[in-house]
**Q** 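Sharing a structure with you now.
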Amino acid sequence: LFRLSVQLSFDVMAQYGRKEYWEERYTRDPEPFDWYPRYDGLRTILTQNIQKNSRVLMEGCGSSRMGEDMVADGYADVVNVDFSAVVIGLMLERYKQTRGLGFQVGDVTAMNYAAEFFDVIIDKATLDSMLCIEN
């Protein structure tokens, strides 16, 4: 039973590296979701190390509320990027009235920004997903 459970876990995790998995997941479950700690759990360390006027990139944002919470806490420029057009469409609609919060469909492995365009890059779960890609 344990071996079967471990294999099923690996099979699910292998899906995390597939764009199609995320498109289907966000279509099926459009509600906001945060992997790992929410902003409240990271606020102290972030505010000690990131100035409120910093240009922040939230890579692989998914449907996380972190960008919204950062802007509500006074951060002025948070750009959220994800390769899922479905989730970016949902987020654009959800936060269309929120100043200082931007969303873009993009591949974080091939960004078109100058090397030092962003002051800070935050990654809560993108690396985990990338490590699930075969080969």
**Q** Could you go through residues 83-91 and list every donor-acceptor pair under 3.5 Å that involves a side-chain atom there, pairing it with any protein atom two or more places apart or in another chain?
**A**
residue : atom : partner : partner atom : Å
Ser84   : OG   : Glu23   : OE1          : 2.6
Ser84   : OG   : Val86   : N            : 3.4
Ser84   : OG   : Val87   : N            : 3.1

**Q** Do Met111 and Glu59 touch side chain to side chain, with heavy atoms closer than 4.5 Å?
**A** no

**Q** Do other residues, nucleotides or ligands put more than 12 heavy atoms under 6.0 Å from Gln51 CD?
**A** no

**Q** Do other residues, nucleotides or ligands put more than 12 heavy atoms under 6.0 Å from the CD atom of Glu20?
**A** yes

**Q** Is the backbone N or O of Arg25 less than 3.5 Å from a side-chain atom of Asp29, with the two atoms forming a donor-acceptor pair by type?
**A** no

**Q** CG/Asp34 to CG/Asp69 distance, rounded to the nearest 0.5 angstrom?
**A** 7.5 Å

**Q** Do Asp73 and Lys52 touch side chain to side chain, with heavy atoms closer than 4.5 Å?
**A** yes

**Q** Can you confirm whether Glu68 sits close enough to Leu101 that some side-chain heavy atom of one is under 4.5 Å from a side-chain heavy atom of the other?
**A** yes

**Q** Can you find a heavy atom in the side chain of Val79 that is under 4.5 Å from one in the side chain of Gln104?
**A** yes

**Q** Among Tyr95, Tyr39, Phe33, find the one that has a side chain to side chain contact (heavy atoms under 4.5 Å, CB included) with Arg65.
**A** Tyr95

**Q** Is there a side chain to side chain contact (heavy atoms under 4.5 Å, CB included) between Val81 and Val108? Walk through the geometry before answering.
**A** CA-CA 7 Å; Val81 175; Val108 299; 4.2 Å; yes

**Q** Within the 4.5 Å heavy-atom criterion, are Ile50 and Ile122 side-chain neighbours or not?
**A** yes

**Q** For atom CG of Asn112, is the number of surrounding heavy atoms from other residues, nucleotides or ligands below 6.0 Å larger than 12?
**A** no

**Q** Measure from the side-chain N and O atoms of Ser64 to the backbone N and O of Met66, and report whether any donor-acceptor pair falls under 3.5 Å.
**A** yes

**Q** Dump the intermediate steps for salt bridge (charged side-chain N to carboxylate O under 4.0 Å, His left out) on Asp77 and Arg55, then the final yes or no.
**A** CA-CA 5 Å; Asp77 189 4; Arg55 186 176 289 150; 3.2 Å; yes

**Q** Would you name the heavy atoms of Glu31 and Arg94 that are closest together and state the gap between them?
**A** CA-NH2, 4.2 Å

**Q** Are the side chains of Thr98 and Val71 in contact, using a 4.5 Å heavy-atom criterion?
**A** yes

**Q** Return yes if some donor-acceptor pair links the side-chain N/O of Thr47 with the main-chain N/O of Arg43 below 3.5 Å, else return no.
**A** yes

**Q** What is the distance from atom OH of Tyr113 to atom CG of Leu57, rounded to the nearest 0.5 Å?
**A** 7.0 Å

**Q** Would the distance check show the side chain of Asn80 and the main-chain N or O of Gly102 forming a donor-acceptor pair, the cut-off being under 3.5 Å?
**A** yes

